[in-house]
There are 2 protein chains.
Amino acid sequence: MPKKSVPRPCACTSIKKLSRVLGRVYDAALATSPINVTQLAILRCIDRSKSQPLTHVAEELEMDRSSLYRALDPMVRDEWLKIAAGTDARSLTAVITHKGYRLLEDAGEQWEQVQTRVVERFGRRKWAAFVAEVDRLRGCANAPEEENL
Amino acid sequence: MPKKSVPRPCACTSIKKLSRVLGRVYDAALATSPINVTQLAILRCIDRSKSQPLTHVAEELEMDRSSLYRALDPMVRDEWLKIAAGTDARSLTAVITHKGYRLLEDAGEQWEQVQTRVVERFGRRKWAAFVAEVDRLRGCANAPEEENL
DNA sequence: GGCATAATGATGTGTATACATCATTTATAG
DNA sequence: CTATAAATGATGTATACACATCATTATGCC
């Protein structure tokens, strides 16, 4: 029986390439704000996860905990948010400041423009289907390796 | 006429999340080699772009030139490749060493395993279609903004 | 040839991301 | 209750990525 060929191209490399392109385009669109697209995503996630421990935010964003903590540093420094005690004695939670909310609004408008432009070009209908496949691929990658079952 | 809603979720954030997951999974699969998936992609690209200027490699990978140069530093330090004069007096080119080729082989085997595992789960047929959409989205994002035509 | 412009690299700075490791605190097993 | 394990954060180190800027070397136009 002929051995199946390895499927190409590299899933990781393809997505990283796309990630770089989108990052540049979205950051360029947000350039009038001091915030970039990663920080916007974090801010939005914190807004959705009020009083949740930071670990929860990291999980939502599929980030390593330490990556999130490092990303928060400049945002705390610039007073977009502050760190407060959580429900636990060990956990902390992030709280968005007034400045942070203002940024969320301002950057949100810029984001809407670039997001609409990109997705309209791609096709709204196809976009919904594509996002579903993105999520499914994430699951395929994340699923534990079922070794010798 | 009702204004159309902004399509969600954020294209950039969705892809960055997927990128983080895939990066972790592929890097874990390559952990027995000293090379990570980004470096593997660069090495492969250099292999395909023999005697081309570094700028060309950066373009292929959708990377900023400076990002590529920085990424090459540890690879040159560890002697996976060396930098040689290009066809120009101004351009340089990267040359893979024996060590680099050995790594390309060793890591290639690990890569095949994780790539096959992830794509088989996703479905080979669907994978081909998905890759096409990834490329199309990249084009949609990269296309210049047609302002006031 | 001479000048303006492109291409190519190099470098300073700043954020993004992860892994390993350590300390503290909570939860769990016995 | 105690010993162990798990959760949460903090930090050291390393790579990933981009923008702005500068120097050098082509290229094109006159």
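Each chain gets a letter, A, B and so on, in the order its sequence line appears, and its residues count up from 1.
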Judged by whether its glycosidic angle lies within 90° of 0, D:dA7 is anti
Identify whether the distance between the nearest side-chain nitrogen and carboxylate oxygen of A:E105 and A:R102 falls below 4.0 Å.
no
A:R77 atom CZ is separated from C:dA16 atom C1', nearest whole Å, by 14 Å
We want to know whether A:T38 and B:K16 form a side-chain donor-acceptor pair, criterion being a heavy-atom distance below 3.5 angstrom.
yes
Atom pair distance, as rounded to whole Å: NZ in B:K16 and C1' in C:dT17:
10 Å
Pairing nucleotide - D:dT25, Watson-Crick or G-U, each distance under 3.5 Å
none
What's the closest nucleotide to the A:Q39 side chain, out of C:dA16, D:dG9, D:dC17?
C:dA16
Contact between A:W80 and A:L104 at the side-chain level, heavy atoms closer than 4.5 Å - yes or no?
no
The correct set of residues in residues 80-102 of chain A placing a heavy atom under 4.0 Å from DNA chain D is A:R90, A:S91, A:L92
Length of the CG-C1' vector between A:L40 and C:dT15, whole Å
15 Å
Using a 4.5 Å cut-off on heavy atoms from C-beta on, say whether the side chain of B:E133 contacts that of A:F122.
yes
Starting from P on D:dA18, measure out to OH on B:Y69 and report it in whole angstrom.
13 Å
Distance, rounded to the nearest Å, where B:D78 contributes CG and D:dT15 contributes P
8 Å
With side chain to side chain contact (heavy atoms under 4.5 Å, CB included) as the test, pick out the partner of A:L81 among A:T93, A:D47, A:L72, A:L103.
A:L72
Can you tell me the distance, in whole Å, between the CD1 atom of A:I35 and the P atom of C:dG14?
18 Å
Any side-chain heavy atom of A:N36 within less than 4.5 Å of one from A:L40?
no
On the 0 to 90° scale, with breaks at 30° and 60°, tag the B:F130-A:F130 ring pair as parallel, tilted or perpendicular.
parallel
Just to confirm, is there a sub-4.0 Å distance from OP1 or OP2 of C:dA16 to any side-chain nitrogen or oxygen of A:N36?
yes
B:R20 CZ to D:dC17 C1', straight-line distance once rounded to whole Å
14 Å
Under 4.0 Å between a Lys/Arg side-chain N and an Asp/Glu carboxylate O for B:E62 and B:R138?
yes
Residue pair A:Q110 / A:Y26, side-chain donor-acceptor N/O under 3.5 Å:
no
So which protein N/O to nucleotides 19-23 of chain D N/O distances come out below 3.5 Å?
| unit_1 | atom_1 | unit_2 | atom_2 | d |
| --- | --- | --- | --- | --- |
| D:dC19 | N4 | B:S66 | OG | 2.7 |

Rounded to the Å, how far apart are A:L61 CG and C:dT17 P?
9 Å
By the 4.0 Å heavy-atom rule, please label A:L68 as base, sugar-phosphate, or nothing.
nothing
